[in-house]
Amino acid sequence: MDGNGRWAKSRGLPRIEGHRRGVETVRRTIEAANDFGIEYLTLYAFSVENWKRPEEEVGALMNLLDHFLRKETKTLIKNRVRLRTIGRTEDLPPKVRRELDRTVAATAEFTEHTLVLALNYGSRTEVLDAARAYAAGVAEGRIDPDDLSWESFARHLYTADLPDPDLVIRTSGETRVSNFLLLQAAYAEFVFLPIYWPDFGREEFAEALHEFNRRERRFGRTGDQLVAVASGSGTS
Ligand code: IPE
Ligand code: MG
């Protein structure tokens, strides 16, 4: 979700106004994802690097998150959306943590749609946290390092019980990944949109999904192999 600041600046408004509009886009996007039948929607809301922003902006983002959770929990329940988080949420302000815990608990039973908020998230931090948890398991004799595999290691990531993303959309025209789900997005398709996050609407979302559907996902195979598998003549 990139470009709130530039959206505001281009209108002569304070950055925080861009973030406010960004929250409206979040609301709209959750609703659209539900309508499009998307089971898992992950929003990169606050990165481990975002603490470097001016204190006033960080505070404003935390307040918006707090208000969003207070206001939207009802809607999430109504639409049967489960809330999950990834990231070091323990370092968020206590009032935000409280609201998160409340909303996560209130929506835990839903299985149709999952909204994942990446909060105080960074892929490198996630790998460090996973490596630490893995090493602790080895030290305690619960884990045999000879059994190390991607699956056994990935169980220690924040995303242990979440599927890998199929599609990653970044708005604002920047074409970088910025420490987002680096390992999980190993085979994801990327769509970079030249619009600011507040301008991302249902139509732009649908268009990104169409673009995704046009892509050929090979997962390391050749295009001919995929044709063979699809027509039932493939053997492996
Ligand atoms: C939103 O956009 C991203 C968040 C951290 C919430 P930005 O705040 O990064 O907007 P730009 O990139 O400065 O335009
Ligand atoms: Mg940005």
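Order of appearance sets the numbers: ligands from 1, and atoms from 1 within every ligand. These numbers come from a predicted model, not from an experiment.
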Margin query: Any nitrogen or oxygen of Gly3, side chain or backbone, less than 3.5 Å from one on ligand 1?
Written below: yes
Check: Heavy-atom contact under 4.0 Å between Lys9 and ligand 1?
Finding: no
Notebook entry, point to check: Between Glu126 (side chain) and Tyr158 (backbone), is there a donor-acceptor pair under 3.5 Å?
Noted result: yes
Checklist line | Neighbour count >12 (heavy atoms, 6.0 Å) for atom CD, Glu174 | finding: yes
Note to self: Gly5 versus ligand 1: do any nitrogen or oxygen atoms come within less than 3.5 Å of each other?
What the structure shows: yes
Notebook entry, point to check: Is it true that atom CD of Glu140 has more than 12 heavy atoms of other residues, nucleotides or ligands lying nearer than 6.0 Å?
Noted result: yes
Notebook entry, point to check: Heavy-atom distance under 4.5 Å between the side chains of Thr222 and Leu226, does that happen here?
Noted result: no
Next item on the list: Keeping the roles fixed (side chain from Asp66, backbone from Val96), state whether a donor-acceptor pair exists under 3.5 Å.
Entry: no
Notebook entry, point to check: Yes or no on side-chain hydrogen bond (donor to acceptor under 3.5 Å, both in side chains) for Tyr196 and Asn4, after CA distance, side-chain angles and deciding distance?
Noted result: CA-CA 6 Å; Tyr196 298 138; Asn4 291 349; over 6 Å; no
Notebook entry, point to check: Using heavy atoms and a threshold below 4.0 Å, how should the contact between Arg15 and ligand 1 be classified: side chain, backbone, both, or neither?
Noted result: side chain
Next item on the list: Report the part of His19 (side chain from C-beta onward, or backbone N, CA, C, O) that has a heavy atom under 4.0 Å from ligand 1; answer both or neither where that applies.
Entry: side chain
Checklist line | Top protein contact for atom 3 (C) of ligand 1, by heavy-atom distance | finding: Met1 O, 3.1 Å
Note to self: Looking at Lys95, I want to see if its NZ is surrounded by more than 12 non-hydrogen atoms of other residues, nucleotides or ligands under 6.0 Å.
What the structure shows: yes
Margin query: Heavy-atom count check: over 12 atoms from other residues, nucleotides or ligands less than 6.0 Å from Phe36 CZ?
Written below: yes
Notebook entry, point to check: Is the closest heavy atom of Ala45 to ligand 1 under 4.0 Å?
Noted result: yes
Margin query: Regarding ligand 1, does Arg6 bring an N or O atom to under 3.5 Å of one of the ligand's N or O atoms?
Written below: yes
Note to self: Evaluate Trp7 for polar contact with ligand 1, using N/O atom pairs at a separation under 3.5 Å.
What the structure shows: no
Check: In Asp2, what N, O or S atom is nearest to the Mg ion (ligand 2), if we give its atom name?
Finding: OD1
Check: Among all protein non-hydrogen atoms, which one is nearest to atom 5 (C) of ligand 1, and what is the separation to 0.1 Å?
Finding: Asn50 OD1, 3.4 Å
Next item on the list: Can you sort out which atoms of ligand 1 are near Asp2, meaning under 4.0 Å from one of its heavy atoms?
Entry: 2 (O), 7 (P), 9 (O), 10 (O), 11 (P), 12 (O)
Next item on the list: Could you tell me whether a side-chain N or O of Asn50 sits under 3.5 Å from a main-chain N or O of Phe46, the two making a donor and an acceptor?
Entry: no
Check: Which part of Arg53 is near ligand 1, with near meaning a heavy atom under 4.0 Å away: side chain, backbone, both or neither?
Finding: side chain
